[in-house]
Structures are given as structure tokens and as C-alpha cells.
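Written out below as C-alpha cells is the structure these notes cover.
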Number of protein chains: 2
Amino acid sequence: MSEQPRPVGSRLGRRNDPDRRDRIIDACLEVIAHSGVTGTSHRKVAARACVPLGAMTYYFDGMDDLLQAALTRFATGISDRFERRMAGASDADGAREAVAAIILDDVFGDDRELVLSHELYTLAARDPAYRSITTAWMERSRAALERHFDPETARLLDALIEGLSIHRALDSRTRDPHEVRTAIARITAS
Amino acid sequence: MSEQPRPVGSRLGRRNDPDRRDRIIDACLEVIAHSGVTGTSHRKVAARACVPLGAMTYYFDGMDDLLQAALTRFATGISDRFERRMAGASDADGAREAVAAIILDDVFGDDRELVLSHELYTLAARDPAYRSITTAWMERSRAALERHFDPETARLLDALIEGLSIHRALDSRTRDPHEVRTAIARITAS
DNA sequence: CACATCTGGGTACGATCGTACATATACCGT
DNA sequence: ACGGTATATGTACGATCGTACCCAGATGTG
């Protein structure tokens, strides 16, 4: 479980733990990944972050505020890694290989990201506030792709990444890396 | 709101409403679409289906059993329509147009299916019981596609449908039908 | 017509939830 | 040195939840 990095415990009152809010957000992401948004409660997050229950309503303006902060951090982290991958590519072929690595290694890597992505999508499908998180995410992905491909191809490639990642994660078979590269080659063929 | 199709009301005791279970399942899907799995409760579903609360535990073995029944029905319905679309195509070009229609009209049509799909995916990402629902769904989709395309192309096409549908639904822009056809043409080009 | 049986429903219980709010503590201006 | 104030916490309340349980009443049999 998570330890409380601050050894204190004595200075109960004030201004002693500046990154407490950050810890709560991270704890919230772990709770969502483990129990889903459905099973996420102030109490579980507080216990996970080793903060008292009252801190929840103090740092966040209700449950929705907390969820948005957490999922925004998640999406930003994914985007950061995406951009880093793409920045490492010098030409179109390198970009294609970077995209393959994203599909094969990143999203498919662990269940955590798969679960969190879908939790976010589910909220975004209903609530515009969450949809703006996914919109920003997609915006950054496409911008990174447009460094190497034309705008239309970038959009299609982004959609392909999405679909392949989901299907490969939810299928439990079809683990052939070659078909990913085939798909990328076809979709980026003008 | 939903009316109770049976006019009775007098025959309270027994064996008077044979499709009560079906009504509950449909009501459950509507509640999920409206409030999400998070906001779905026995009470809400019972109210929606115009059945007493006690009927919930009578017809279903707890909340999970109800959710699985509901989402199975949803996925089956989507698969049925998918197969119908594909069955109407006589050649590869017709199949391509059918796929375009699926993306442009079906999934993107209303928010209801978008929401329900993601709710299902979210559960599937965590729970194997729900994952078998999505696996069966994908199986049928690919089988239908393989009537017109080779297996690998069918898989890629299926993934492309997924990604394009999601991105187009979650983006709130990018409504150009042409790019969908472009993507299909590229991915089905051997 | 009477009785055993089984389907279905009303209700109450225990648990859990979000959040408001009073309180306590530490910092800071004076 | 000493309030005043911002920061943080513990607790308690009202609402809602899933589900177990018991009873009502219809059904089929003798």
C-alpha cells in the first residue's frame, strides 16, 4: 500500500503537507483502476491516500471535481508519453514504428490504463465536462501525428490506434504484432 | 415514461405476466443509458419497469446477474443489426459501403448506444464475465466481415470501425463522411 | 370443494455513501 | 506576545442502497 512520505504526524494543524492534494489525486486513480468509478468513494480514496475523510471535501469541490482532476492527470500523462514517442521519430517510417510501439507496448501493457481509459470514455460519453478531457487528449495526439503525416491520415491513424488497442486488449487472442504494422502501413499509404 | 402493457392489475398473485423479466431487462438498459452503471439500482430499474422492488431479486440473482443479462441483450442486438447490414452486401464494394453505413448511421446515430457500449467495455476491462460478452460480439462481427474480406483484413476493419466510431462520437467535430470511406478503402486495400 | 404448493411482492434491516459543519491547530501581522 | 485568520480534521446526519425474509394469493390436485 502507499506510505505517507511525511514522517511528521505531530504537526497536525496547517500547511505541513503541500503535495497532499497530489497524493489524493493519485490515490483516486488507483481506486478507480481497482474498483471502477462505480466503486470509488471519498472514504476509499482517503484511506488509500492516508488522509482523513474531511480532506476530501476540503481539497475538492465534491466527487465530480475529484474525478475530473484525476482523469485529467491520467489523460495528460498518456498524452505526454505519446508525444515523447512521436518526438523520437525522425522520418515517416520512424513514426510508423513509434505508432506500432504505442499500440503494442503502451496501451496494451497493463490492465490499469485500459480500465482507466474506458472509465474516462464512459464518463465522456455522457458528460461534456469529461468529454473536454478526451477532446484535448485526441487533439494532442493528432497534433503529434501531424508532424509526420497529413491531417486526414493523422486522424485516421489516431482512430486506428484506438480501435486496435481496444480490440487487442479485449480479445485475449490475436496477439500478432505483424498485423498491427500491416494496419499502420495500409492506413498511412496515400 | 414507460407504460405497463398489461392492463390487468387484478390478477396479482401468479403467472400472469410472462414477459415481466424481459421488461425488467429493457428497463435496465434504459436506466444504464440514462444514469450509467454507477447510477443503476434495483429501485430505479423496478420503477422504470413498473414492477415491485421484490421482483428484482426474484428474477435475477443479484445486481451482476441483471447487468449481464441486460448487456448481453444489448450486444446481441447490435450484432444482429451488424449482420443484417453485411448480409445485404453482395460484393466487396457493397460490403465497404455497408461498413461506412454502420459507422456513419448506426453507432454514431444516438448517444444511447455510445453510452451503453462504453459501459460494457468498462465492465469488460475488469471482469472476465463481461469480457466474454464483448468477445462474442467481436467474434460475430468478424465472421460477418469475413464473408467479404480475408481474416486479417476483417480484423483490422473491425478495429477501424471501433476506433472511428469512438473518435467521431467523442470528438464533436470531424463529421466528414468522406474520410470514413477513405479509411475503409485504405484498410481493405490488399 | 379443500388443501398443499409455488410464484410473486411489500417491507424492514444493516451497511455505505456524500457532505455539511463545528472545532482545533498553526501561521502571521501587529 | 498575542489575537486573527487561514488551513485542516473529526464527526454526525440524512439519504440511498442491495437484499433477505415473510406473507399473500393464485394454481393444480385429490
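Just so it is clear, the values below take in all heavy atoms, side chains as well, and ignore hydrogens, waters and symmetry mates. Naming convention: chains lettered A, B, ... in sequence-line order (proteins, then strands); numbering from 1 in each chain.
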Could you state the [atom1]-[atom2] distance from [X] to [N], rounded to the nearest angstrom?
X       : N      : atom1 : atom2 : result
B/Lys44 : D/dG18 : NZ    : P     : 9 Å
B/Arg43 : D/dA15 : CZ    : P     : 14 Å
B/Phe60 : C/dG8  : CZ    : P     : 12 Å
B/Met56 : C/dG10 : CE    : P     : 12 Å
A/Leu53 : C/dA20 : CG    : C1'   : 11 Å

Could you pull out all residues at least two apart from B/Thr182 that satisfy side chain to side chain contact (heavy atoms under 4.5 Å, CB included)?
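Residues passing side chain to side chain contact (heavy atoms under 4.5 Å, CB included) with B/Thr182: A/Glu152, A/Leu156, B/His178, B/Arg186.
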Here's a test of your reading of the structure: between A/His42 and B/Gly54, which maps to the more 5' nucleotide of DNA chain C?
B/Gly54
Measure from the side chain of [X], starting at C-beta and using heavy atoms only, and say which of [options] lies closest.
X       : options               : value
B/Arg20 : C/dG8, D/dT19, C/dG10 : C/dG8
B/Tyr58 : D/dC17, C/dG8, D/dA20 : C/dG8
B/Met63 : C/dG9, D/dG18, C/dC17 : D/dG18
A/Pro52 : D/dA20, C/dG9, D/dT9  : D/dT9

Parallel, tilted or perpendicular: which describes the rings of B/Phe74 and B/Trp137, with under 30° parallel and over 60° perpendicular?
perpendicular
If you draw a 6.0 Å radius around CG in A/Asp61, do more than 12 non-hydrogen atoms from other residues or ligands fall strictly inside?
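Not more than 12 within 6.0 Å, no.
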Look at A/Asp26 together with A/Arg48 and state whether they make a salt bridge at an N to O cut-off of under 4.0 Å.
no
